[in-house]
Protein chains: 2
Amino acid sequence: MADTSARRINPDEEPARAPEAPEIDWDLIELFFFAYRDFTSDPDHMLDELGFGRAHHRVMHFINRRPGLTVAELLDVLQITKQSLARVLKQLIDTGHVMQVQGPRDRRQRELHLTTKGRALALALAAPQSRRIGRALADLKPEDRSTVEHFLKEMVNREFRQQVDNLGQHEPESAEEKR
Amino acid sequence: MADTSARRINPDEEPARAPEAPEIDWDLIELFFFAYRDFTSDPDHMLDELGFGRAHHRVMHFINRRPGLTVAELLDVLQITKQSLARVLKQLIDTGHVMQVQGPRDRRQRELHLTTKGRALALALAAPQSRRIGRALADLKPEDRSTVEHFLKEMVNREFRQQVDNLGQHEPESAEEKR
DNA sequence: GGTTTATGTCAACAAGGCTGACATAAATTT
DNA sequence: AAATTTATGTCAGCCTTGTTGACATAAACC
């Protein structure tokens with residue numbers, strides 16, 4: 001180091017002046033933080049009034065996206081423990097937002113589905129997020145949507161790319177294995 | 001109402017088949033979730049080994065970006081309560097990552113600075129995130145960076161745009177009146 | 001029939017949010 | 001000068017949502 005030597009105002013310790021980093025993309029790091037924070041804020045407020053949290057939202061979202069997925073599959077997507085899931089899932093079932101159906105092939109499995117009520121809530125929660133995205137894309141050229149999509153997809157760990165693609169369920173999108 | 005029998009095995013209820021939504025951008029909603037999850041995963045793992053959490057990361061990040069910001073300003077950016085901040089901030093001070101300097105104008109204020117040690121950690125945490133962003137932009141045209149930046153910036157609530165711009169430190173002013 | 005698998009559940013714990021109450025020193029107002 | 005407000009710190013307790021470990025049950029598999 002030894003560079004801020006010239007006019008040091010504070011004599012005590014060295015307070016590490018500016019963010020003169022090697023090659024860190026501070027701007028996008030920070031922007032991503034703010035963007036996600038606000039992205040989740042609308043549904044968070046709605047959930048609050050129902051006594052639910054962000055965890056409930058995630059559960060409903062993925063059940064809505066993959067109707068009939070099993071508990072194990074959901075755990076896989078959410079990457080949480082079954083005990084964590086159990087708590088919120090139980091609440092969602094008790095409040096009539098989610099229903100379980102015994103697996104047809106394997107009767108140990110529980111296929112998860114949203115009820116009409118749950119579906120309505122999932123939609124209501126997604127609506128402001130979708131609107132926000134729409135507004136964020138509005139000033140851009142139509143082709144830029146795929147740029148954003150590509151960027152976000154590449155931000156995901158390779159091990160989970162497939163999950164992402166599967167969930168999309170309509171990605172003709174060529175470039176997938178290019179490493 | 002009338003659907004007290006939540007867990008039923010026969011589909012006499014409607015399990016709400018497909019995500020046939022009005023105009024919901026499910027793909028980007030979900031992609032954003034996965035992207036942010038993985039974006040935070042690298043620093044999370046590092047922090048774990050130090051006995052720190054994501055909260056400590058955020059605090060160090062913003063102190064690094066705005067050396068000398070006060071406690072009140074930090075609370076404003078993070079949007080948490082001072083009691084929440086106090087816990088992590090105390091730990092960061094005790095471990096020698098953050099130091100406080102009495103405000104020059106107002107001696108009640110505490111200007112926050114990273115120490116050399118804290119700065120090193122902030123950099124180490126940001127590095128994998130920056131690399132991830134770099135990789136995600138690598139396949140795109142150079143101009144597309146500003147597309148992504150624009151998208152993320154628009155995702156932020158209007159009330160906080162200024163915060164974002166200030167932190168970036170290179171956004172003079174823009175059309176804020178539009179709603 | 002024995003083992004593995006899918007799920008559920010109990011109990012305890014941790015991180016990191018929250019609110020409310022109160023303390024202190026410095027700045028500001030009256 | 002005294003009273004009030006402001007910036008910060010701290011104590012105590014609560015909530016949500018993660019965690020681990022242990023154990024139970026039914027169904028599938030071998």
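Values in this document were obtained by computation on a predicted structure and should not be read as measured data. Excluded from the calculations below are hydrogen atoms, water molecules and symmetry mates; all remaining heavy atoms, backbone and side chain alike, are included. Reminder, nothing fancy here: chain letters follow the sequence lines and each chain counts from 1.
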Revision key, fill the gap. B:Gln91 CD to C:dG17 P, in whole Å, measures 12 Å

Review point. Is the closest basic N to carboxylate O distance between A:Asp27 and B:Arg65 below 4.0 Å?
Key: yes

Check your understanding: Which residues satisfy the ring pair (Phe, Tyr, Trp, His ring centres under 6.0 Å) test with B:Phe39, sequence neighbours excluded?
Key -> A:Phe32, B:Tyr36

Review point. Can you find a pair of side-chain heavy atoms, one from A:Leu50 and one from A:Leu121, that are under 4.5 Å apart?
Key: yes

Exercise for review: Could you check A:Asp106 against A:Arg87 and say which one's nearest nucleotide on DNA chain C is further toward the 5' end?
Suggested key: A:Asp106

**Study point:** is_close_aromatic(A:His61, B:Phe33), centroid dist under 6.0 Å
**Key:** no

Review point. Rounded to the nearest Å, what distance is computed from the CG atom of residue B:Leu47 to the P atom of nucleotide C:dA14?
Key: 19 Å

Revision key, fill the gap. 5'-most to 3'-most nt of DNA chain D touching chain A (<4.0 Å, heavy-atom partner on protein side) reads D:dT17 to D:dA28

Practice item. With heavy atoms under 4.0 Å as the rule, sort B:Gln100 into base, sugar-phosphate or nothing. Key: sugar-phosphate

Practice item. Tell me which of A:Phe52 and A:Arg107 sits closer to the 5' end of DNA chain D, going by the nucleotide each one is nearest to. Key: A:Phe52

Point to revise | Protein-nucleotide distance (B:Leu50, atom CG; C:dA15, atom P), rounded to Å | key: 14 Å

Exercise for review: Look at all strands and tell whether B:Gln79 reaches a base, only sugar-phosphate, or nothing, counting heavy atoms closer than 4.0 Å.
Suggested key: sugar-phosphate

Check your understanding: A:Arg37 and B:Asn157: side-chain donor and acceptor closer than 3.5 Å?
Key -> no

Check your understanding: So, A:Thr70 and A:Arg110: side-chain donor and acceptor under 3.5 Å apart, yes or no?
Key -> no

Review point. Should the pair B:Arg161-A:Asp38 be classified as a salt bridge under the 4.0 Å nitrogen-to-oxygen rule?
Key: no

Revision key, fill the gap. Atom CZ of A:Arg54 and atom C1' of C:dG16 are separated, to the nearest Å, by 13 Å

Practice item. May I have the distance from B:Leu75 (atom CG) to C:dG17 (atom P), rounded to whole angstrom? Key: 12 Å

Review point. For the pair made of CG in B:Asp44 and P in C:dA15, what is the distance, rounded to whole Å?
Key: 14 Å

Point to revise | A:Ile80 vs A:Arg105, nearer the 5' end of DNA chain D by closest nucleotide | key: A:Ile80

Exercise for review: Round to a whole Å and report the spacing from CG of A:Asp48 to P of C:dG17.
Suggested key: 16 Å

Check your understanding: B:His57 has an atom NE2; how far is it from atom P of C:dG17, in whole Å?
Key -> 14 Å

